[in-house]
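Structure first, then comments.
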Amino acid sequence: MKVIAAAATDIGLVREGNEDSYLVDEPLFAVADGMGGHRGGEVASQLALETVEKLFRKGEGDLAEQVQEANRAVFERSVEDRQVAGMGTTLTAALVEGDRIRLAHVGDSRAYLLRDGELRRLTEDHTLVHRMVTEGEISETEAEAHPQRSVLTRALGVDMFVDVDDDVVQVRSGDRLLLCTDGLTGMVSEDEIKEMLQHVADPAEAAERLVRSANEAGGVDNITVVILDFSDDGRAQDRLAPVARPKAPAEKPAKAPRWRAFPWKRMAIWVGAAVTVIVLGLVGLRAYLDTQWYVGVSEGNVAIYRGIPAEVAGFRLHHVVVETTIPAEVAESLALYRDLDQGITADDREAANAIVEQIRNDAEAAQRNGPGP
Ligand code: MN
């Protein structure tokens with residue numbers, strides 16, 4: 001059996017970094033979706049895939065055992081390095097062995113098999129909502145929109161040991177395997193994924209088109225896609241229906257199905273993200289302003305301010321902490337304090353007090369000696 005592989009990954013439209021990683025090293029293929037602040041996610045997904053690849057190359061253990069070792073490597077790093085403490089990653093790997101694929105899987109990335117126009121999910125999500133679905137507490141549809149749908153029940157790097165799902169799947173010529181992170185499946189329906197896998201023959205183009213669809217639907221997460229085409233002769237399958245081929249280039253599958261219903265879910269995600277950004281911005285600004293001090297003028301007198309001597313859109317970014325009895329006019333008559341009304345910044349409150357004391361002394365001296373030259 002011959003394999004033609006292609007992959008695509010993208011940061012998406014919302015995230016600040018791409019914490020997904022993928023591995024394409026025939027006959028070993030994988031995707032990993034890292035999580036954890038301060039580059040932790042990126043480190044976790046890369047380290048996991050590097051570990052699996054290294055052990056595979058050395059011939060140590062089977063795929064599930066290699067994933068176990070990857071878990072240990074990520075866990076140990078997260079314990080040793082405070083910068084990446086608490087990181088973790090999903091991992092979905094496929095090893096091609098003749099006409100079989102060996103799968104190993106932890107987390108909510110997925111493997112799908114497209115055969116004869118049917119798209120079959122080969123992996124089970126290790127998420128809270130999936131558990132709730134299997135226990136009959138909520139429906140599949142409810143799970144898709146559930147606010148906690150990305151909460152994992154299993155991930156690599158969280159504990160010393162992890163349960164790895166493993167499976168063996170027979171493949172035949174014409175089959176197409178998809179490995180993807182939840183940045184795809186969270187944004188694009190399985191029907192749309194199937195459509196695109198069925199109709200775009202070139203695996204690289206299909207991968208790119210899937211990523212683009214996820215971005216067009218909002219791209220709220222990193223998106224990673226690996227596609228494997230299996231054939232006896234190593235040639236790409238002609239997947240296009242004869243009618244569809246000439247008139248269905250770039251746009252069609254991306255356009256048609258998406259606006260069936262108003263995407264409340266996506267809008268809620270966007271609004272939520274925007275509110276979070278604004279709130280974090282304000283909290284950060286407030287924290288910053290609280291560390292800033294300066295000496296300026298209030299009601300004609302020298303005063304100590306907290307914040308910065310500026311206004312943004314009518315909001316003053318400062319408030320008076322102490323108003324002295326030193327007339328600003330007297331201070332401003334001295335060359336040193338000429339620009340007092342624009343604020344003299346201080347490192348902290350003590351420094352601000354010191355500046356006020358200095359102004360007081362200089363002003364008193366000036367008044368004793370009469371106006372300077
Ligand atoms: Mn993700």
Side-chain angles (χ1 to χ4, degrees), residues 7-24 29-49 52 67 70-71 74 78 84 86-94 103-112 121-131 143-158 162 164-165 178-190 192-193 207-208 210-227 263 265-266 268-270 272-273 276-277:
T9 187
D10 192 74
I11 189 170
L13 302 177
V14 172
R15 296 294 173 91
E16 277 187 7
N18 192 346
E19 302 192 323
D20 284 0
S21 296
Y22 68 83
L23 172 65
V24 171
F29 305 88
V31 296
D33 177 350
M35 58 216 77
H38 200 85
R39 301 179 65 79
E42 210 179 312
V43 172
S45 63
Q46 274 173 20
L47 178 60
L49 294 186
V52 170
V67 174
N71 170 67
V74 175
S78 89
V84 295
M87 68 177 174
T89 184
T90 73
L91 198 156
T92 301
L103 291 170
H105 162 74
V106 175
D108 66 350
S109 299
R110 290 179 182 173
Y112 287 94
R121 201 191 297 179
L122 302 178
T123 51
E124 193 171 310
D125 290 350
H126 300 137
T127 57
L128 207 54
V129 291
H130 179 75
R131 187 184 284 174
E144 277 173 28
H146 199 280
Q148 267 97 52
R149 65 191 172 283
S150 59
V151 175
L152 297 181
T153 51
R154 265 195 247 172
L156 258 65
V158 176
V162 69
V164 179
D165 286 356
L178 169 69
L179 305 178
C180 61
T181 60
D182 69 332
L184 176 72
T185 50
M187 307 304 302
V188 184
S189 73
E190 289 186 347
E192 290 172 76
I193 292 172
E208 290 296 338
L210 286 171
V211 166
R212 204 190 306 157
S213 295
N215 275 330
E216 283 167 357
V220 298
D221 195 3
N222 308 143
I223 310 138
T224 301
V225 169
V226 173
I227 293 176
K265 192 171 94 185
R266 280 160 203 163
I269 290 168
W270 272 101
T276 306
V277 166

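Computed from a predicted model, the values in this text were never measured in an experiment. Both counts, for ligands and for their atoms, begin at 1 and track the order of listing.
- Scanning all heavy atoms of the two residues, the minimum distance from Gly34 to Ser45 falls at N-CB, 3.7 Å.
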Should Arg110 and Thr92 be marked as a side chain to side chain contact (heavy atoms under 4.5 Å, CB included) after you check the CA-CA gap, both sets of side-chain angles, and the distance that decides it?
-> CA-CA 7 Å; Arg110 290 179 182 173; Thr92 301; over 6 Å; no
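- Distance alone, capped at 3.5 Å, is enough to place a donor-acceptor pair between the Thr123 side chain and the Ala111 backbone.
- The Mn ion (ligand 1) has no N, O or S atom of Asp20 inside 2.8 Å of it.
- Judged purely by atom type and a 3.5 angstrom limit, His126 has no side-chain atom pairing as donor or acceptor with the backbone of Ala155.
- Counting backbone and side-chain atoms alike, Asp108 contributes no N/O/S atom closer than 2.8 Å to the Mn ion (ligand 1).
- Distances from the Mn ion (ligand 1) to each N, O or S atom of Asp221 single out OD2 as the nearest.
- Because the distance cut-off is set at 2.8 Å, Asp182 qualifies as a neighbour of the Mn ion (ligand 1) through one of its N, O or S atoms.
- Note on Asp165 versus Arg154: salt bridge recorded, some NZ/NE/NH1/NH2 to OD/OE distance being below 4.0 Å.
- The atom of Asp33 that is an N, O or S and sits closest to the Mn ion (ligand 1) is OD2.
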